[in-house]
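Structure first, commentary second.
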Amino acid sequence: MSGVHRIFGAEPSPYSVKVRSYFRYKAIPHEWIPRDSTTESEYRKVAKLPLIPAVATPAGEGLQDSTPILERIEAEFPEPAIHPEDPATAFLSALLEEFGDEWGNKWMFHYRWAREVDQLSASERIARAMLPQLSGDELARAAAGVRERMVARVWFVGSSAATAPLIEGSYRDAIGILETHLARRPYLFGGRPAFGDFGLACQLYECWTDPTPGALLRERAPRVTAWVERMLAPKAEGPFEDREALLPTLLPLLERQVGRLFLPWSDANARAIAAGSETFSVELDGKTWTQKPQKYHAKSLAELRRRHAAVPDRTALDPILERSGCLRWLRAGT
């Protein structure tokens, strides 16, 4: 189809859902193609790495990695914009996009594979998505293989018996903060979705589909649940909100989640990569977090710091970042 982007993804993949949500919001002609056994050969023509999502442009170019995909397509389809005009607000949105991608993913991945009820639910859905032709015993065996493989990979996001209380406490705190923030607006930055909405909502969507974190969302955060549902096919309902109106309920998220947990973790990870360390430990909110470092996260922190340094006038921005405990981490290494 001429002029149509093709998105290869999967419903259990937060980054796939993120890209699909963006294309729906921008009303960009696209085709959603589940990556499964029937589309694998087509997918491989597009993807350089065995990761989803992968987007094939109408010109035949293959794009991967959800954040660069959104940035690339935004340059071609600038309206309706996902970046507020106010530079300070735009950076806060980018900060929350990164927070969602990297820290929100810890919530999702941990909850999905920490308990048997969630393991069984997710492994069957993933197996069914990958191998739609299977049923009965064959599907059960495939799901068991998915479960075994993924439970063994929880170390990738730092999930362990030691870090589980911190991850789950962070999740409960975050949805509580968001419940208050979303009481007066449909999206994080006002009447329309911003960059930060796409990065965070997709992780919470996956939590919503899993038994344990989904029950917490529905019981404790009905407004957050409604936002997650809204973000599946978001629409502009009004303008971006004034920064000062957002801050009273947005600052707690920046302070308690981004400045106190995510950025200190991200900085420690980047330092471990630079030092060539096999593992690293960092104190987060009075608790010790230990995991293997991840190269991608170090690169994304460097990009976030570059973005901060590129804000032409940080007179309004840096006091917010200082107040929330974020500024020191964004200046580190620069």
T225 to L217 - nearest heavy-atom pair and separation: OG1-O, 3.2 Å

Note: K299-E303 ion pair, threshold 4.0 Å (strictly below): no

Pairs satisfying salt bridge (Lys or Arg N to Asp or Glu O under 4.0 Å), at least one member in residues 180-197, at least two apart: R185-E241

For Y205, all residues meeting side chain to side chain donor-acceptor pair (under 3.5 Å), sequence neighbours excluded: E11

Shortest non-hydrogen contact between G100 and L200, atoms and distance: CA-CD1, 3.9 Å

Partners passing ring-ring contact (aromatic ring centres under 6.0 Å, His included) against F189 (at least two apart in sequence or in another chain): none

Residues that Y25 engages under ring-ring contact (aromatic ring centres under 6.0 Å, His included), provided they are two or more places apart: none

Flag for S300-D101: side-chain donor and acceptor within less than 3.5 Å: no

Other ILVMFWY residues reachable from V117 by side-chain steps of under 4.5 Å: none

L247 with L182, same ILVMFWY side-chain cluster at under 4.5 Å: yes

Any P264 side-chain heavy atom under 4.5 Å of L284 side chain: yes

Residues which pass side chain to side chain donor-acceptor pair (under 3.5 Å) with R260, listed by chain and number, not counting sequence neighbours: none

R230 side-chain N/O to P186 backbone N/O, donor-acceptor pair under 3.5 Å: yes

Flag for R20-S16: side-chain donor and acceptor within less than 3.5 Å: no

Joint cluster assignment, I7 & M130, ILVMFWY side-chain distance < 4.5 Å: no

Nearest atoms (heavy-atom pairs only) where P14 meets C202: O-CB, 3.1 Å

Closest contact, heavy atoms only, S93 versus G196: OG-N, 2.9 Å

Residue pair Y111 / K106, side-chain heavy-atom distance below 4.5 Å: no

Stepwise ring-ring contact (aromatic ring centres under 6.0 Å, His included) check, F156 with F109: CA-CA 9 Å; F156 187 80; F109 206 88; 7.3 Å; no

CA sep, side-chain torsions, deciding dist, call: R6, E42, salt bridge (Lys or Arg N to Asp or Glu O under 4.0 Å): CA-CA 11 Å; R6 293 180 298 146; E42 192 177 0; 2.5 Å; yes

D118 (side chain) donor-acceptor with T212 (main chain) under 3.5 angstrom: yes

Donor-acceptor pair, side chain of Y187 and main chain of E237, under 3.5 angstrom: no

Sub-4.5 Å side-chain heavy-atom contact between E179 and R220: no

Cluster check I52, V55: I/L/V/M/F/W/Y, side chain < 4.5 angstrom: no

R243 versus T89, closest heavy-atom pair with distance: CB-OG1, 3.5 Å

Single-linkage hydrophobic cluster I175~L254, side-chain heavy atoms < 4.5 angstrom: yes

Test ring-ring contact (aromatic ring centres under 6.0 Å, His included) applied to F8 - qualifying residues, sequence neighbours left out: none

Side-chain touch V46/Q64, heavy atoms, less than 4.5 angstrom: no

side-chain hydrogen bond (donor to acceptor under 3.5 Å, both in side chains) contacts in which one or both residues fall within residues 274-284, not counting sequence neighbours: S281-T290, E283-T288

Pair listing, ring pair (Phe, Tyr, Trp, His ring centres under 6.0 Å) test, anchored in residues 42-88, at least two apart: H83-F195

Side-chain (E31) to main-chain (V4) donor-acceptor, under 3.5 angstrom: no

D36 side-chain N/O to T39 backbone N/O, donor-acceptor pair under 3.5 Å: yes

Any donor-acceptor N or O pair under 3.5 Å, side chains W107, S170: yes

Polar side chain donor-acceptor pair, W208 to E229, under 3.5 angstrom: no

ring-ring contact (aromatic ring centres under 6.0 Å, His included) against F91, all qualifying residues, sequence neighbours excluded: H308

Residues, nucleotides or ligands: over 12 heavy atoms within 6.0 Å of R323 CZ: no

Pairs flagged by side-chain hydrogen bond (donor to acceptor under 3.5 Å, both in side chains) wherever residues 145-161 is involved - sequence neighbours left out: H110-S159, Q119-R147, S160-T163

Residue pairs involving residues 219-262 (criterion ring pair (Phe, Tyr, Trp, His ring centres under 6.0 Å); sequence neighbours excluded): F99-F262

Joint hydrophobic cluster, W103 plus V154, side-chain heavy atoms closer than 4.5 Å: no

Shortest non-hydrogen contact between V157 and Q291, atoms and distance: O-OE1, 3.8 Å

Charged N-O contact under 4.0 Å between D65 and R72: no

R115 with D210: basic N within carboxylate O range, under 4.0 Å: no

Side-chain heavy-atom pair H181, L253 within 4.5 angstrom cut-off: no

Close side-chain approach of L120 and E124, heavy atoms under 4.5 Å: no

